[in-house]
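Written out below as structure tokens is the structure these notes cover.
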Amino acid sequence: MAARARRAADLPDLDGAVSGCFACPRLVAWREEVARTKRAAFRHQEYWGRPVPGFGVPDAPIAILGLAPAAHGGNRTGRIFTGDRSGDVLFAALHRAGLANQPTSVARDDGLTLRATRIFSAVRCAPPDNKPTPGERDTCAPWLHRELELIRPTLRVVVALGAFAWAAWWPALRAVYGVRPPSPRPVFGHGAHWSGTAVPEVLGCYHVSQQNTFTGRLTPRMLDEVFIRAKQVAGVD
Ligand code: SF4
């Protein structure tokens, strides 16, 4: 699997290759079971039920790094943060920031396009309870690292959504940039910021999960502040 990720010549090749990955037995079983049993509201839909590739422009200065696809969101629609409440919050914010052409993301053919931005997750398959294991994160890392290599020429800032994505970022410094990760690791928090030499800057942002947005832990204004800062760092108007 790692060799296949390294061989990916471009993003379409990578997207196609990751969609056929079966490296994590627990996650393969879960994604397929969810796709078979379905949520009642979506019982007439064909679920994607496979790994979910990244989405966005190939020359992105801004990357948004999430945790993993949602069981009835990305795992259903085949596009990251598409068809669930987390995506509703995220794409509304990206639209306000001028980074998405529309505020909603409901299906792969809904006309959504991004500007200056690419979105992907640390783990590409939906995990039970939204909790991948550290081993699954490490197994999936070659897909993330190859995607970062392919957008490396333009990438200036990474917005890490939540502590899991924040933790998944640091090994990429060595794997993609040949740079030793900081030790101790910078502590995750909303508004956390890290910069190094000749590597993308990293911004911490609470995850756009319902747990955070319904409770007011993460508000639209807080998201707007993160994306304003990301645009400043990336030099995007
Ligand atoms: S989580 Fe990643 S490595 Fe594991 S099966 Fe899915 S795509 Fe493959």
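Each ligand, and each atom within it, is numbered from 1 in the order the structure gives.
A salt bridge between Arg79 and Asp110 is present, with a side-chain N of the basic residue lying under 4.0 Å from a carboxylate O of the acidic one. With salt bridges taken as basic N to acidic carboxylate O contacts below 4.0 Å, none links Glu136 and Lys131. In summary, Glu149 and Arg146 engage in a salt bridge, as defined by a charged side-chain N under 4.0 Å from a carboxylate O.
The minimum heavy-atom distance between Pro200 and Trp194, with the atom names listed, is O-CZ3, 4.0 Å.
Excluding water, every protein N/O/S atom under 2.8 Å from atom 4 (Fe) of ligand 1 is given here by residue and atom: Cys24 SG.
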Acceptor/donor pairs from residues 59-75 side chains to any protein atom, 3.5 angstrom cut, sequence neighbours excluded:
residue	atom	partner	partner atom	Å
His72	ND1	Tyr47	OH	2.7
Asn75	ND2	Arg31	O	3.4
Asn75	ND2	Ala71	O	3.2

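Shown here is Arg115, whose CZ atom has more than 12 heavy atoms of other residues, nucleotides or ligands within 6.0 Å.
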